[in-house]
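For this chain, numbers begin at 1 and follow the sequence in order. Side-chain atoms are counted along with the backbone in the values below, which use heavy atoms only and exclude waters and symmetry mates.
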Amino acid sequence: MLPDMDALEASLLNTSGTVKLDVRFRTLFTLKGLAALSEEKRRRVIEIISKGFEDDSALLKHEMAYVLGQIKDTDALPCLESILSNMKEHCMVRHEAAEAMGAISSPSALPVLKKYLHDDDVSIRETCHLAINKIELDNSEAGRNEQALKDLREKEHGDAVSAARAAAAPIDPAPATVNVPGTQHAHQNVYTLENVPKFRETLLNRSLTLFERYRAMFALRNTVQQGGREAQVPAVKALADGLEDDSALFKHEICFVFGELCHPASLQPMSRVLNDAGEHEMVRHEAAEALGAILEEGAGDSEADQIIKVLRQYAEDASAPRVVRESCIVALDEIAYNQDPSQFQRVE
């Protein structure tokens with residue numbers, strides 16, 4: 001039996017005033033799952049989420065904007081455009097709205113995104129650059145050819161498990177690099193240990209556009225997932241090298257990727273980011289979520305103790321930015337929830 005939409009709305013919007021933040025997060029992703037079932041449900045989910053942007057939690061609003069993008073329906077564009085245009089909104093929420101517009105990938109969003117290429121906040125400017133490039137590539141012949149090549153490789157090298165993972169994977173703000181010089185056959189897998197140095201070089205090359213560097217970032221992620229065990233640690237280390245960059249947006253995306261991968265080799269760099277009080281809150285928040293994801297996937301006892309300790313430290317640190325505190329609180333609550341066998345898992 002599917003959850004009641006009215007009850008989910010009341011939970012997400014905290015109409016009682018007593019719904020904990022982690023419960024609202026689970027509600028949000030339950031709604032995301034329900035949106036895939038029918039057009040009617042998708043419209044209702046967009047309507048419910050769109051009501052939530054009056055909340056005072058930037059973390060929750062940022063996540064709601066993310067989900068609207070992942071639903072990939074142009075009906076969400078008016079809400080997202082309004083958020084991006086609201087100069088009083090937290091930069092993390094505005095950034096996520098712009099990124100969500102890129103995920104939906106409708107050319108109708110281009111005029112609004114281009115308007116904010118000169119925003120006062122660098123993360124907004126950078127996100128709009130990425131979203132514009134993604135939309136233009138997705139809707140071009142080159143983009144369609146790349147997608148066809150990607151589909152061919154997945155058919156040649158994939159299995160049922162990887163196909164299911166690909167179907168459930170988030171929409172990236174830039175597609176992973178597809179064409180690598182020296183690849184002999186079009187169907188050949190390029191996400192290999194051999195290509196890690198090439199992807200790393202592009203990732204760290206600040207003379208390239210951010211869009212090109214993001215594409216290398218997701219190529220390294222794919223290498224961890226598809227390149228075999230020997231490629232995993234070198235690819236994770238290459239990604240971690242990107243955390244020395246000047247762009248908070250760039251570093252926050254690397255942390256997001258680490259949360260997707262849940263590889264133990266990312267524990268130390270993520271802990272270092274979260275412990276850096278001088279780091280941008282956007283980056284520290286993603287590091288906290290990544291640490292929580294690694295623990296949820298199952299870390300060793302000593303590693304788990306280390307993660308719990310650092311998350312608790314900042315969950316209770318009144319001097320830490322609110323989005324960092326809330327990220328740690330939600331991560332701890334989600335870990336406790338997922339380790340409780342009496343709980344049902346959400347629909348995703």
Side-chain angles (χ1 to χ4, degrees), residues 66 91-92 95-96 98-99 102 121-131 133-134 169-180 190-227 230-294 310 323-324 327:
Y66 169 78
C91 69
M92 267 181 49
H95 135 73
E96 202 63 49
E99 187 171 297
D121 190 293
V122 64
S123 65
I124 304 300
R125 298 196 301 269
E126 291 177 339
T127 306
C128 289
H129 157 79
L130 291 168
N133 277 270
K134 180 182 181 298
I171 301 168
D172 298 324
T177 301
V178 172
N179 296 304
V180 177
V190 296
Y191 305 126
T192 62
L193 177 61
E194 176 189 5
N195 285 328
V196 167
K198 299 176 185 177
F199 296 142
R200 180 185 182 277
E201 182 180 0
T202 301
L203 180 82
L204 303 181
N205 188 345
R206 301 187 190 189
S207 68
L208 298 176
T209 68
L210 197 62
F211 189 69
E212 292 174 281
R213 299 174 68 200
Y214 261 59
R215 298 196 70 181
M217 183 191 306
F218 291 108
L220 285 166
R221 177 204 60 193
N222 289 357
T223 302
V224 176
Q225 295 173 331
Q226 303 173 29
E230 71 280 359
Q232 291 179 357
V233 171
V236 168
K237 287 183 175 179
L239 285 164
D241 289 341
L243 294 171
E244 300 301 319
D245 202 81
D246 293 333
S247 168
L249 187 75
F250 185 76
K251 291 184 286 188
H252 116 287
E253 198 65 36
I254 291 175
C255 295
F256 178 85
V257 166
F258 281 151
E260 285 186 274
L261 295 174
C262 297
H263 194 282
S266 66
L267 274 174
Q268 186 174 358
M270 289 300 88
S271 297
R272 186 169 64 249
V273 168
L274 182 54
N275 279 314
D276 185 356
E279 184 57 88
H280 195 290
E281 61 186 345
M282 175 189 294
V283 188
R284 296 179 72 199
H285 126 75
E286 285 292 358
E289 293 199 355
L291 286 169
I294 292 169
V310 71
V323 293
V324 175
S327 295

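Listed for the D276 side chain is no donor-acceptor partner under 3.5 Å among the backbone atoms of R272. Using modelled atom types, one side-chain atom of N275 and one backbone atom of S271 make a donor-acceptor pair closer than 3.5 Å.
Distance check, rounded to the nearest 0.5 Å: CD1 of I294 to CG of L267 gives 4.5 Å. In this structure, SG on C255 lies 9.5 Å from CG on L274, to the nearest 0.5 angstrom. From D121, atom CG reaches atom CD of E126 across 9.0 Å, with rounding to the nearest 0.5 Å. The OG1 atom of T192 sits 4.0 Å away from the CG atom of N195 when rounded to the nearest 0.5 Å. Put simply, OG1 on T177 and CE on M217 are 11.0 Å apart, with the number rounded to the nearest 0.5 Å. Atom CD of Q225 sits about 10.5 Å away from atom CZ of F218, to the nearest 0.5 Å.
Using a 4.5 Å cut-off on side-chain heavy atoms (C-beta onward), L130 and E99 make no contact. Between E212 and N133 the shortest side-chain heavy-atom distance does not fall below 4.5 Å. Contact annotation: the side chain of R221 approaches that of L261 to within less than 4.5 Å [non-hydrogen atoms, C-beta and beyond]. Annotation: side chain of K134 is in contact with side chain of I171 (closest heavy-atom distance under 4.5 Å). No side-chain heavy atom of V224 sits less than 4.5 Å from a side-chain heavy atom of V257. In this structure, M270 and L243 have side chains that are in contact, with non-hydrogen atoms separated by less than 4.5 Å. The shortest distance between side-chain heavy atoms of D241 and L203 does not fall below 4.5 Å.
Annotation: K237, atom NZ; neighbour count of heavy atoms from other residues, nucleotides and ligands within 6.0 Å does not exceed 12.
Here the shortest heavy-atom pairing between R215 and P175 reads NE-O, 2.8 Å. H285 approaches M282 most closely through the heavy-atom pair CD2-O, 3.3 Å. Across every non-hydrogen atom of A293 and C262, the tightest pair is O-SG, 3.5 Å. Taking every heavy atom of both residues into account, D246 and R206 meet most closely at OD2-NH1, 3.0 Å. Across C91 and S123, no two heavy atoms sit closer than the pair CB-OG, 4.3 Å. Scanning all heavy atoms of the two residues, the minimum distance from N222 to A176 falls at ND2-CB, 3.3 Å.
Put simply, the residue from H280, E286, E279 that forms a side-chain hydrogen bond (donor to acceptor under 3.5 Å, both in side chains) with K251 is E279.
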### Task
List the steps and the verdict of side chain to side chain contact (heavy atoms under 4.5 Å, CB included) for E194 and T223.
CA-CA 10 Å; E194 176 189 5; T223 302; over 6 Å; no

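Ring-plane geometry between Y191 and F199 is classed as tilted, the angle between the planes lying from 30 to 60 degrees on a 0 to 90 degree scale.
Judged by distance alone, the side chains of D245 and S247 never bring a donor and an acceptor atom under 3.5 Å apart.
Pairs passing the ring pair (Phe, Tyr, Trp, His ring centres under 6.0 Å) check and including a residue from residues 254-279, sequence neighbours excluded, do not occur.
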